[in-house]
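Only one structure is covered here, and it is reproduced in the block below.
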Amino acid sequence: MEEIFEKPTFSNEERYLIEPFFTNLDKSVYVILFLPPELVGALCSRASRAKEDLRIVFLREFIKPFLETDYGQTLKKFIDFLHQNPAEILFNNPKAREFYIKWLAEYGDDSIAQMAGTHLVYSSLSQIAIKHIENQRIGIAPIEKSTRYVDYSLRVNNHYLYFTPPEIEKLSLKEEYEKIMNSVFETYTMLYQKYFDYLKNKYPEEKEIVLKTKVLDTIRGILPLSTLGQLALFGNGQAFEYLINRSLEHPLEEVRWLGQRAYEELNKVIPAFLRRIEKEESKEYRKYLGKRSQKIKEAISIISNETYINHNQEKVKLIEYDPDGEDKIIAGLLYPETKEPYEKILDKVKQLSLKEKEKILEKVLKDRKFRWYKVPRAFENVYLRFEILLNIGAWRDLQRHRMQTQYNQKFNIDNGFDIPEELKEIGLEDKFVSAIKNLETLYEKIKDPDLAQYAVSFAHRVRFIQYQNLRQFFWETELRTTSQGHPDYRKIEQEKAKIIQKIYPLISKYLLVDFQDYEFSRRESVKKIEYKEEELKKI
């Protein structure tokens, strides 16, 4: 499979300094080795903002500066030691490996595979492949390259940052596909410069980084889902085994490739965790996972499956909730401090007056001042099911909330797309729309609904389900309505909050939601940070 990946280059001295800390220095997929938790956490977090390969970031920001400190010689001795005693020797502890081969691979005690994990990095994956990984939810902690902070007008080997799936060439569409993708990225580049110049003229006193962030926030909708990004993730052994199994028989070649590359690199570090992958049972399991989508397509003929197009559809719809939710939360709050069965407590709560219920909630929640003061676990007694229609760019941010059941329909063009109001105001709407329409033409030609997803833009809307308890609702809604949040998902979370105010008036009093609109949200948040810094200086 052809990769759009700029292989990092290092001098012999630089290679010597960082080689022991990665399973390879020249491939786009690698595992991180030997780094302490704070360092590896900081490095992987840089995947969100870094333009370069993380191995370059590691050398420039974490190794070279450290060598200049008082502890530099100690680090150098450690690097010398690792060259003399490579990972395949140090990691191969016979007792530990035999333990996992026996109890995990042979006896199937899966829980022990959650006791350890490692960090895996993909330097260059499409948004389709990245979402495949992130949809796993449990056992992994991913962080991906941001489209809100990183400029995608750059090229690698004179190629824009998009992926051409091998299947496209088999359909004799490669030339047209790449022509359209190039034109989309050229439009992105043009919009970036024109809108930045406009903002610079309008806010001459503003910091350039703030203006650039606003520009990227506004124009990212034009990016196609073929756009390449960097992904770093931590996963435990069980999660990586499942990721590989659910990838190796996937309909898309890129996803099968990422599964194979994960297996090759992880097998250098945690082979005992992956030993079952070659077993016949795992091969059958992969077939079951890989064919499940096709089986559903066959079964769907049982019902009428029509394309539903309604561009005036509600953006947020509450389709399921518990009418007794507030009573159940109050009963849950009281339960740990009582000796009675839950049902009896709930029955007593139902007999209380409104003022008595309010008094109980006030006692527990009145001192909650900030959103990071988590609401009690009793809020997990109540679940809400929302159906949401949102552009894919903003959906990507909400998808990160993994402590809930969240699933989406395949990316398509039938739900229409959003046009940034800012581009309308400065007369660039037509350029934006033209690029999106070209992608839609390509989408229609590809036909295969899995493969055609690469030709969907971030601006196109996706319909998805969120099934979340009220505790997760508080966390997500309060976080995603802060001033620095993207306006698109802020509106969704504000609408969700308004719905909850109607059905749960007692509980919603304690929601710390920002209902304000901000013309320039990132600018407002920067001002708040600067104000706090000034206040701290006074202290």
Side-chain angles (χ1 to χ4, degrees), residues 47-49 125-135 142-153 160-163 181 184-185 187-189 191-192 195 212-231 311 315-316 388-401 406 408-424 428-429 431-433 435-440 443 453-464 466 476 479-482 484-495 518 520-522:
S48 174
R49 306 289 193 271
L125 284 180
S126 77
Q127 302 302 304
I128 301 298
I130 288 172
K131 294 306 138 193
H132 167 80
I133 293 173
E134 292 178 339
N135 270 333
I143 188 162
E144 63 178 293
K145 187 175 180 179
S146 173
T147 55
R148 300 186 69 193
Y149 299 95
V150 181
D151 178 7
Y152 278 81
S153 65
Y160 283 116
L161 296 176
Y162 67 82
F163 175 68
M181 290 296 169
V184 169
F185 277 84
T187 304
Y188 172 92
T189 304
L191 292 175
Y192 178 94
Y195 190 42
K212 284 185 175 180
T213 301
K214 173 62 176 175
V215 172
L216 296 174
D217 258 1
T218 301
I219 68 171
R220 70 172 179 171
I222 203 173
L223 291 171
L225 297 186
S226 62
T227 300
L228 292 166
Q230 185 166 226
L231 177 77
H311 294 173
K315 298 296 171 62
V316 181
I388 301 171
L389 189 65
L390 179 63
N391 67 68
I392 295 167
W395 165 82
R396 292 165 74 253
D397 293 296
L398 299 190
Q399 187 224 14
R400 294 175 189 166
H401 294 267
Q406 191 169 181
N408 59 284
Q409 295 177 335
K410 282 181 181 170
F411 305 119
N412 61 73
I413 64 173
D414 297 321
N415 296 314
F417 59 89
D418 292 341
I419 305 169
E421 291 297 324
E422 295 91 336
L423 297 185
K424 294 179 183 178
L428 292 174
E429 174 185 359
K431 298 289 186 184
F432 183 90
V433 171
I436 300 294
K437 290 295 184 183
N438 286 338
L439 285 173
E440 291 188 337
Y443 178 95
Q453 293 179 103
Y454 287 103
V456 178
S457 76
F458 281 37
H460 281 100
R461 302 182 191 115
V462 61
R463 192 183 288 122
F464 63 102
Q466 281 190 332
E476 178 182 316
L479 173 64
R480 295 300 177 181
T481 56
T482 57
Q484 60 265 44
H486 194 282
D488 291 344
Y489 66 63
R490 288 188 78 246
K491 289 173 185 174
I492 293 296
E493 294 299 336
Q494 287 168 346
E495 284 304 308
Y518 300 98
F520 204 151
S521 59
R522 188 63 56 178

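All of these numbers come straight from a predicted model, not from anything done at the bench.
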List for me each residue that meets side chain to side chain donor-acceptor pair (under 3.5 Å) alongside [X], sequence neighbours excluded, and say none if there are none.
X      : answer
Tyr162 : Asn182
Lys212 : Glu208
Lys431 : none
Glu429 : none

Which residues pass the side chain to side chain contact (heavy atoms under 4.5 Å, CB included) test with [X], not counting sequence neighbours?
X      : value
Asn412 : Asp414, Asn415, Tyr443
Lys410 : Ser293, Lys297, Asp450, Gln453
Glu495 : Val316, Lys498
Ala435 : Val184, Thr187, Ile222

Are [X] and [Y] close enough that some pair of their side-chain heavy atoms sits under 4.5 Å apart?
X      : Y      : value
Trp395 : Ile392 : yes
His401 : Gln466 : no
Lys145 : Ile130 : no
Ser457 : Pro224 : no
Phe411 : Phe458 : no
Thr147 : Leu216 : no
Ile436 : His460 : yes

request  = Show the numbers, then the answer: is there a side-chain contact (heavy atoms from CB on, under 4.5 Å) between Leu228 and Leu125?
outcome  = CA-CA 5 Å; Leu228 292 166; Leu125 284 180; 5.5 Å; no
Atom pair [atom1] ([X]) and [atom2] ([Y]), whose distance is rounded to the nearest 0.5 Å:
X      : Y      : atom1 : atom2 : value
Ile219 : Ser153 : CD1   : OG    : 8.0 Å
Phe417 : Leu439 : CZ    : CG    : 10.0 Å
Gln399 : Leu390 : CD    : CG    : 12.0 Å
Ile419 : Asn391 : CD1   : CG    : 12.0 Å
Thr227 : Gln127 : OG1   : CD    : 6.0 Å
Gln406 : Phe464 : CD    : CZ    : 5.5 Å

key: Any donor-acceptor N or O pair under 3.5 Å, side chains Arg480, His486   = no
Sequence-distant partners of [X], salt bridge (charged side-chain N to carboxylate O under 4.0 Å, His left out), two or more places apart:
X      : result
Asp418 : Arg461
Arg49  : none
Glu144 : Lys131, Arg396

ask   = Phe185 vs Tyr160 aromatic rings, parallel, tilted or perpendicular, using cut-offs 30° and 60°?
value = parallel
task = Specify whether Tyr454 and Phe163 have parallel, tilted or perpendicular ring planes, treating 30° as the upper limit for parallel and 60° as the lower limit for perpendicular.
result =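 The rings of Tyr454 and Phe163 sit tilted, inter-plane angle from 30° to 60°.
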ask   = More than 12 heavy atoms of other residues, nucleotides or ligands under 6.0 Å from NZ of Lys437: is that the case?
value =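 No - once you tally the heavy atoms of other residues, nucleotides and ligands closer than 6.0 Å, there are 12 at most.
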Non-hydrogen atoms of [X] and [Y] that approach each other most closely:
X      : Y      : value
Pro142 : Glu134 : CG-CG, 3.8 Å
Ala394 : Asp488 : CB-CB, 3.7 Å
Ser226 : Met181 : OG-SD, 3.3 Å

ask   = Any donor and acceptor pair, going by atom type alone, linking the side chain of Arg490 with main-chain N or O of Thr482 inside 3.5 Å?
value = yes
request  = List the steps, then state whether salt bridge (charged side-chain N to carboxylate O under 4.0 Å, His left out) holds for Arg400 with Asp397.
outcome  = CA-CA 6 Å; Arg400 294 175 189 166; Asp397 293 296; 3.4 Å; yes
request  = Begin with the C-alpha distance, continue with both residues' side-chain angles, and end with the deciding distance and a verdict on side-chain contact (heavy atoms from CB on, under 4.5 Å) for Val462 and Leu389.
outcome  = CA-CA 6 Å; Val462 61; Leu389 189 65; over 6 Å; no
message = Which residues pass the ring pair (Phe, Tyr, Trp, His ring centres under 6.0 Å) test with Tyr152, not counting sequence neighbours?
response =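 Listed in chain order: nothing, the list is empty.
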